[in-house]
Trainee: 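Below is one structure. I have some questions about it.
Note that the coordinates shown come from a computational prediction; the quantities given were computed from them, not determined experimentally. Convention: sequence-line order gives letters A, B, ...; per-chain numbering from 1.
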There are 2 protein chains.
Amino acid sequence: MKKLNIKEFSSIIGVSTATVSRAFNASGRINEKTRRYIIEKAGELGYHANIHARNLSSPRSNIAGLFYPLLAGEQPDYFINEIQQGVQSALMDSGILLQVHPFPARADAELTLETYRTYVLSGGLGAMIIVAGSAESVELVKVAREAEVPYVVIGHMSGETRYTVSFDNGQGARLAGKFFVRTGRRFPAYIGGHLDKRKKLGFLEGLGEISDKLTIHSGGDAFIHGANAFRELRANRPETDCVLCANDVLAAGFIKAAQESGATIPEDIAVIGFDDLSFARYLTPALSSVSLKLNHIGLSAARQILKLLDGNDITPEFVECELIFRDSA
Amino acid sequence: MKKLNIKEFSSIIGVSTATVSRAFNASGRINEKTRRYIIEKAGELGYHANIHARNLSSPRSNIAGLFYPLLAGEQPDYFINEIQQGVQSALMDSGILLQVHPFPARADAELTLETYRTYVLSGGLGAMIIVAGSAESVELVKVAREAEVPYVVIGHMSGETRYTVSFDNGQGARLAGKFFVRTGRRFPAYIGGHLDKRKKLGFLEGLGEISDKLTIHSGGDAFIHGANAFRELRANRPETDCVLCANDVLAAGFIKAAQESGATIPEDIAVIGFDDLSFARYLTPALSSVSLKLNHIGLSAARQILKLLDGNDITPEFVECELIFRDSA
DNA sequence: TTGTAAGCGTTATCAT
DNA sequence: ATGATAACGCTTACAA
């Protein structure tokens, strides 16, 4: 069954192409009866306006791209997943489709970036949501500006103050530090992967008077690194009695290793994770965590995009971190 | 800075539009020197071929859509997330972009479905990956056929034998049943959400001689439902000594409630989850689970799509379930 | 190897 | 309210 184009379709049903076009574009100026007739016939004959011709003729794209740095390596990226869910629920029923654009850090970054750049500049996307956190994110913002595509960045990006949904990792970490002090802990440790200077600093601030006791362990971002961190701490800093992990997966690994060695949590060591991914409550003990409200952030970012797409202006949004207390601290 | 089109660009650099086009489309017939010159100038002047005009002129779309039923309701859908990761890693560097298309079950399904239908039939997608599991999935396959878009379905769909990457939930559940029998368990329970007749049946088969002792609890698919299931079982079937949960999140809820009530796992009750999501190993006790190898499945599906897009034929793929032993059973 | 020009299927402008 | 037709920006015969 060959596909009908507007010319064939319109001539079959006996109207002009312009009328057919009007029937499908809420442009007013058309008899309601004619409109209904055309819509009905289209269903019958299987006519569908070609989307490329449409986009070409009146420049637009109803596709939003979600760009994010690939940090976690092999494992499923729960962090992005939660953001994506939020974005999707906001976009659902808006008519905007979501495309996901992970980009690797370091090595292959350039190639991917160039691909995305070309794609965006060629008009492929109608909007961009960019998750901050790497040099490439910054480049992508430049691309968005260059292509004059509405965009919103998630997270903190220096120089970008207008189109953002941001949060302050430092503030979240401070909360954790203060909590440890308040609950009488004495020997804190921080377990971090890459890219979290702000978390470290915030933690230090929150720790206040006991900040000079802080031990820092930097491995990777994965489960296994959390476990490694515990073992190393146990060997070199057995006095450690509280730990902030840069993400919940690290915290899970840390707890696992602690339990295997016979340490009890939170009695021997209190642990707080970061991100508050939804599996945090599944753990035993249920993980206390600095919540970034990722789902909410995704939702907000997408709503901002929708506003921009409607031609409205937006104001930057800041989402406060919150310490969620469960059983691990 | 106004955007250049091919006409302007070509006239500025003194060649024809055709030559510019050739420079960007590996069609041969062009002097390598000219080509390099054009590419260079394009970079300098910021010329980018309009993607819509391109797709219009020679029908194509380098976008693949991942369609999946929205089952989990509010919470992040870890199941799909792992598939998506696999798909993405296969697509990366292929030049194919990924669009994600969740569709709600029941109520609003029709609207969403119609939107997607229109989109696909209008030529928006170059390929479709469809996760089976609802009536809408079946409709989407029809759409793919109608639009003559290459597609692959993930999971079991009756009537669809050609373009699939499938697995057999029943087989996986059988494994669990057999294991429980082999390890001397006597009073099995099954905790399921929706849509899992096959799991139930397979489990029953695997249970063999103790299958007549099976208790079935059907609540929802979420964490809380797993916890509820434990409490109900404890009240009504205290003899229960082994449980298969229809997914890992249910299992996590079940375990949590069991621990709170003082039951030990796996001594008092052995529990096996389903899907083997990556957080399974974070739990305490680490969750034994029927692995669907979701990441691998996503990878395979995307590879099949790539083959189809290259004009090659494919043969259906079947992925065997595997029981992953950890500490909960 | 390169240029000319006819599509590709819409939307938008201008008549009617 | 509807119809004719000129863009929209590219690809691809066909000619040179």
Side-chain angles (χ1 to χ4, degrees), chain A residues 1-39 41-42 45-62 118-126 147-148, chain B residues 1-39 41-42 45-62 118-126 147-148:
Chain A
M1 186 178 80
K2 194 184 156 295
K3 255 169 228 166
L4 288 174
N5 63 28
I6 199 172
K7 220 176 211 161
E8 296 161 348
F9 175 62
S10 60
S11 92
I12 290 179
I13 66 170
V15 297
S16 73
T17 60
T19 305
V20 169
S21 178
R22 283 193 279 261
F24 288 102
N25 296 284
S27 51
R29 327 195 133 157
I30 184 175
N31 184 306
E32 188 51 32
K33 238 178 185 167
T34 329
R35 179 200 200 84
R36 264 203 288 273
Y37 172 70
I38 293 176
I39 302 277
K41 279 298 182 186
L45 302 177
Y47 166 72
H48 292 273
N50 179 301
I51 202 168
H52 303 303
R54 226 173 160 160
N55 291 346
L56 171 59
S57 180
S58 57
R60 62 177 153 195
S61 165
N62 62 337
T118 305
Y119 180 60
V120 174
L121 286 170
S122 73
L125 293 181
E148 293 176 34
Chain B
M1 186 178 78
K2 194 182 156 297
K3 256 169 224 163
L4 287 175
N5 64 26
I6 198 173
K7 218 176 211 161
E8 299 160 347
F9 174 62
S10 61
S11 91
I12 291 178
I13 66 170
V15 298
S16 72
T17 62
T19 304
V20 169
S21 178
R22 284 187 203 106
F24 289 103
N25 296 282
S27 52
R29 328 191 132 160
I30 184 177
N31 184 307
E32 188 51 31
K33 237 178 186 165
T34 327
R35 178 200 201 85
R36 265 204 287 273
Y37 173 70
I38 293 176
I39 303 277
K41 278 297 181 187
L45 303 176
Y47 166 73
H48 291 273
N50 179 301
I51 202 168
H52 304 303
R54 224 171 162 164
N55 291 344
L56 172 60
S57 178
S58 58
R60 62 176 152 193
S61 164
N62 62 336
T118 305
Y119 180 58
V120 175
L121 286 170
S122 73
L125 292 181
E148 293 177 34

Trainee: Starting at CG of Leu56(A) and ending at P of dA7(D), how long is that distance when rounded to a whole Å?
Mentor: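 Taking atom P of dA7(D) as the reference, CG of Leu56(A) is at 14 Å.
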Trainee: Let me know the distance between CG of Asn55(B) and C1' of dC8(D), rounded to the nearest Å.
Mentor: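 Going from CG in Asn55(B) over to C1' in dC8(D) covers 14 Å.
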Trainee: Lys7(B) has an atom NZ; how far is it from atom C1' of dA5(C), in whole Å?
Mentor: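 Roughly 10 Å, once rounded to whole Å.
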Trainee: What closest approach, in Å, do Ala53(B) and Leu56(A) show between heavy atoms, and which atom pair accounts for it?
Mentor: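 It is CB-CD1, 3.7 Å.
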Trainee: Counting distance only, does the side-chain N/O of Thr17(A) pair as donor-acceptor with the main-chain N or O of Lys7(A) below 3.5 Å?
Mentor: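 No, the answer is negative, given that no donor and acceptor are paired below the 3.5 Å cut-off.
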Trainee: Output, in order, the C-alpha distance, side-chain angles, deciding distance and verdict of side chain to side chain contact (heavy atoms under 4.5 Å, CB included) for Thr19(B) and Ile38(B).
Mentor: CA-CA 9 Å; Thr19(B) 304; Ile38(B) 293 176; 3.7 Å; yes
Trainee: Among residues at least two apart in sequence or on other chains, which ones pass side-chain contact (heavy atoms from CB on, under 4.5 Å) with Arg60(B)?
Mentor: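 Here the qualifying residues are Asn25(B), Arg54(B), Asn55(B), Ser58(B).
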Trainee: Rounded to whole Å, please give me the gap between CG in Leu121(A) and C1' in dG9(D).
Mentor: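 So the two atoms are 16 Å apart, to the nearest Å.
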Trainee: Give the rounded distance in Å between these two atoms: CD1 of Ile51(B) and P of dG9(D).
Mentor: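 Rounding to the nearest Å, CD1 of Ile51(B) and P of dG9(D) are 15 Å apart.
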Trainee: OP1 or OP2 of dG9(C) less than 4.0 angstrom from a side-chain nitrogen or oxygen of Asn5(A), does that happen here?
Mentor: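 Yes, because at least one side-chain N or O of Asn5(A) sits under 4.0 Å from OP1 or OP2 of dG9(C).
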Trainee: Return the minimal non-hydrogen interatomic distance between Val20(A) and Ser10(A), and the atom names on each side.
Mentor: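 In terms of heavy atoms, the two residues are closest at CG2-CB, 3.6 Å.
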Trainee: Donor-acceptor check, side chain of His52(A) to backbone of Gly123(B), threshold 3.5 angstrom: yes or no?
Mentor: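 Present.
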Trainee: Could you go through the side chain to side chain contact (heavy atoms under 4.5 Å, CB included) check for Ile6(B) and Ser21(B) one step at a time?
Mentor: CA-CA 8 Å; Ile6(B) 198 173; Ser21(B) 178; 4.3 Å; yes
Trainee: Hey, which of these two, Pro59(B) or Gly14(B), hits DNA chain C nearer its 5' end, going by closest nucleotide?
Mentor: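 Taking each residue's closest nucleotide, the earlier one in sequence belongs to Gly14(B).
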Trainee: Angle, rounded to 10°, between the helical axes spanning five pairs at each terminus of the helix from dT1(C)-dA16(D) to dT16(C)-dA1(D)?
Mentor: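 One end's axis against the other's: 30°.
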Trainee: Mind calculating the distance between CG (Asn50(B)) and P (dC8(D)) to the nearest angstrom?
Mentor: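 That distance rounds to 12 Å.
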Trainee: Treat primed atoms plus P, OP1 and OP2 as sugar-phosphate and everything else as base, then score nucleotides 11-16 of chain D 5' to 3': B for base contact with protein heavy atoms under 4.0 Å, S for sugar-phosphate contact only, - for none.
Mentor: BBB---
Trainee: Can you measure Leu4(B) atom CG to dC8(D) atom P for me and round it to whole angstrom units?
Mentor: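 It is 14 Å, rounded to the nearest whole Å.
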Trainee: Nearest whole Å is fine: how far is dT2(D) P from Asn31(A) CG?
Mentor: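 Taking CG of Asn31(A) and P of dT2(D), I get 5 Å after rounding.
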Trainee: If you take all heavy atoms of Leu45(B) and Ile13(B), which pair is closest and at what distance?
Mentor: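 Taking every non-hydrogen atom into account, CD1-CG2, 4.0 Å.
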Trainee: On the 0 to 90° scale, with breaks at 30° and 60°, tag the Phe9(B)-Tyr47(B) ring pair as parallel, tilted or perpendicular.
Mentor: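 Plane angle under 30°, so parallel.
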